[in-house]
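What follows is a single structure, written as structure tokens, with notes after it.
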Amino acid sequence: QVRLVESGGGSVQAGGSLRLSCVLSGNTDHIGQINYIGWFRQAPGKEREGVGRIRFGGSSTTVYGDSWRGRFTISQDKASNTAYLQMDSLTSEDTATYYCAAHTGLWRRPWDEPAEYDDWGQGTQVTVSS
């Protein structure tokens with residue numbers, strides 16, 4: 001089993017930035033099977049939506065949802081099994097709980113489909129005030 005722990009959330013004013021971290025720990029073999037880390041968010045009363053994903057290790061190729069491309073940046077430090085979500089130019093609409101998730105194996109659904117991911121963190125709250 002693998003454990004994912006998000007951190008870095010908090011309160012920020014509109015126009016500000018936050019950097020979220022997602023640290024992976026647990027079974028080394030299982031971590032080695034992870035090929036993508038996805039970032040998702042869920043606002044109150046709304047469905048969980050995909051922000052973006054990164055190829056874990058290797059090329060670090062990223063994909064973003066249209067709503068966040070150019071404002072949000074996903075990166076990683078494979079040596080420490082950590083993925084990051086840099087969020088800039090935040091607005092009140094970015095207020096949500098942010099989650100990271102681990103994917104293994106082949107893609108059977110679109111990358112932003114939560115059911116495609118095997119393991120999830122507990123989430124970290126981001127609140128943006130206008």
Side-chain angles (χ1 to χ4, degrees):
Q1 187 64 283
V2 64
R3 184 182 182 211
L4 296 88
V5 178
E6 304 95 335
S7 63
S11 297
V12 64
Q13 291 191 335
S17 299
L18 281 175
R19 188 193 196 200
L20 307 183
S21 299
C22 172
V23 179
L24 283 71
S25 62
N27 183 276
T28 302
D29 289 340
H30 192 161
I31 292 176
Q33 294 173 8
I34 295 170
N35 49 18
Y36 292 91
I37 296 295
W39 281 98
F40 289 76
R41 73 181 197 181
Q42 188 166 18
K46 295 188 177 181
E47 294 186 352
R48 191 166 298 189
E49 54 183 350
V51 173
R53 66 159 168 89
I54 186 167
R55 181 73 167 90
F56 192 57
S59 65
S60 296
T61 304
T62 53
V63 172
Y64 299 94
D66 290 341
S67 300
W68 300 281
R69 191 177 298 116
R71 287 197 306 127
F72 289 8
T73 304
I74 298 173
S75 61
Q76 66 176 336
D77 177 7
K78 187 62 173 70
S80 63
N81 287 331
T82 303
Y84 301 98
L85 176 63
Q86 175 69 39
M87 306 186 294
D88 299 317
S89 302
L90 289 164
T91 74
S92 58
E93 294 185 352
D94 295 315
T95 294
T97 300
Y98 285 74
Y99 300 88
C100 62
H103 180 276
T104 61
L106 300 176
W107 291 101
R108 298 169 295 277
R109 308 174 187 86
W111 69 265
D112 57 349
E113 173 57 56
E116 187 64 19
Y117 294 79
D118 307 291
D119 298 286
W120 290 79
Q122 83 289 347
T124 185
Q125 177 66 38
V126 171
T127 302
V128 184
S129 58
S130 56

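Residue numbers run from 1 in the order of the sequence given.
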- Query: So does Asp112 pair up with Arg53, basic N to acidic O under 4.0 Å?
  - Reply: no
- Check whether any side-chain N or O of Arg108 sits under 3.5 Å from a backbone N or O of Leu106 as a donor-acceptor pair, and report yes or no. yes
- Query: Are Met87 and Val51 close enough that some pair of their side-chain heavy atoms sits under 4.5 Å apart?
  - Reply: no
- Message: Give me the atom names and distance for the closest heavy-atom approach of Ser89 to Ser17.
- Response: N-OG, 4.3 Å
- Task: Determine, using the 4.5 Å side-chain heavy-atom cutoff (strictly less than), whether Val23 and Leu18 are members of one ILVMFWY cluster.
- Result: no
- Strictly by modelled atom types, are Thr104 and Asp118 linked by a side-chain donor-acceptor pair under 3.5 Å? yes
- Query: Does Arg69 count as lying over the ring of Tyr64, i.e. NZ or CZ under 6.0 Å from the six-ring centre, within 45 degrees of the axis?
  - Reply: no
- Do Glu47 side-chain atoms and Gln42 backbone N/O form a donor-acceptor pair below 3.5 Å? no
- Task: To the nearest 0.5 angstrom, please state how far the OG atom of Ser130 sits from the CD atom of Glu93.
- Result: 10.5 Å
- Message: Hydrophobic cluster membership, with links at side-chain heavy-atom distances under 4.5 Å among I/L/V/M/F/W/Y: are Leu20 and Val12 in one?
- Response: yes
- Message: Do Leu85 and Phe56 land in one hydrophobic cluster if side-chain heavy atoms of ILVMFWY residues count as linked below 4.5 Å?
- Response: yes
- Of Phe72, Trp120, Tyr98, which is the lone residue that meets ring-ring contact (aromatic ring centres under 6.0 Å, His included) with Phe40? Trp120
- Heavy-atom donor-acceptor pair, Arg55 side chain to Asn35 backbone, under 3.5 Å: yes
- Task: Could you check if a side-chain atom of Val126 sits within less than 4.5 angstrom of a side-chain atom of Thr95, using non-hydrogen atoms only?
- Result: no
- Out of curiosity, Thr127 OG1 to Asp94 CG, how far, rounded to the nearest 0.5 Å? 11.0 Å
- Message: Distance to the ring centre below 6.0 angstrom and angle to the axis at most 45 degrees; does that hold for Arg48 and Tyr99?
- Response: yes
- Message: Distance alone, cut at 3.5 Å: any donor-acceptor contact between the side chains of Gln125 and Thr97?
- Response: yes
- Task: Mind listing the closest non-hydrogen atom pair of Gln122 and Leu4 along with its distance?
- Result: OE1-O, 3.6 Å
- Take atom CD of Gln86 as the centre, draw a 6.0 Å sphere, and report whether it contains more than 12 heavy atoms from other residues, nucleotides or ligands. yes
- Is a side-chain donor or acceptor of Thr124 paired with a backbone partner of Ser7 at a separation under 3.5 angstrom? no
- Message: Please tell me whether Gln76 and Ser60 have a donor and an acceptor in their side chains that are separated by less than 3.5 angstrom.
- Response: yes
- Message: Test side-chain contact (heavy atoms from CB on, under 4.5 Å) on Tyr84 and Ile54; report intermediate values, then the result.
- Response: CA-CA 10 Å; Tyr84 301 98; Ile54 186 167; over 6 Å; no
- Task: For residues Thr82 and Ser21, report the shortest heavy-atom separation together with the two atoms involved.
- Result: CG2-CB, 4.3 Å
- Main-chain N/O of Trp111 paired with Tyr117 side-chain donor or acceptor, under 3.5 Å: yes
- Message: For the backbone of Arg109 and the side chain of Glu116, can you confirm whether one donor and one acceptor N or O come within less than 3.5 Å of each other?
- Response: yes
- Note on the structure: One should read off an interatomic distance between Ser67 OG and Glu49 CD, to the nearest 0.5 angstrom, of 7.0 Å
- Query: Salt bridge or not for Arg3 and Asp119, using N-O below 4.0 Å?
  - Reply: no
- Message: Membership question, hydrophobic clusters at under 4.5 Å side-chain separation (ILVMFWY): are Ile74 and Leu90 in the same one?
- Response: yes
- Do Trp39 and Trp68 belong to the same hydrophobic cluster, where Ile, Leu, Val, Met, Phe, Trp and Tyr are linked whenever their side-chain heavy atoms lie under 4.5 Å apart, directly or via other members? yes
- Query: Distance from Cys22 atom SG to Glu6 atom CD, nearest 0.5 Å?
  - Reply: 5.5 Å
- Query: Where do Ile37 and Leu24 land on the side-chain contact (heavy atoms from CB on, under 4.5 Å) test, with the steps shown first?
  - Reply: CA-CA 10 Å; Ile37 296 295; Leu24 283 71; 3.8 Å; yes
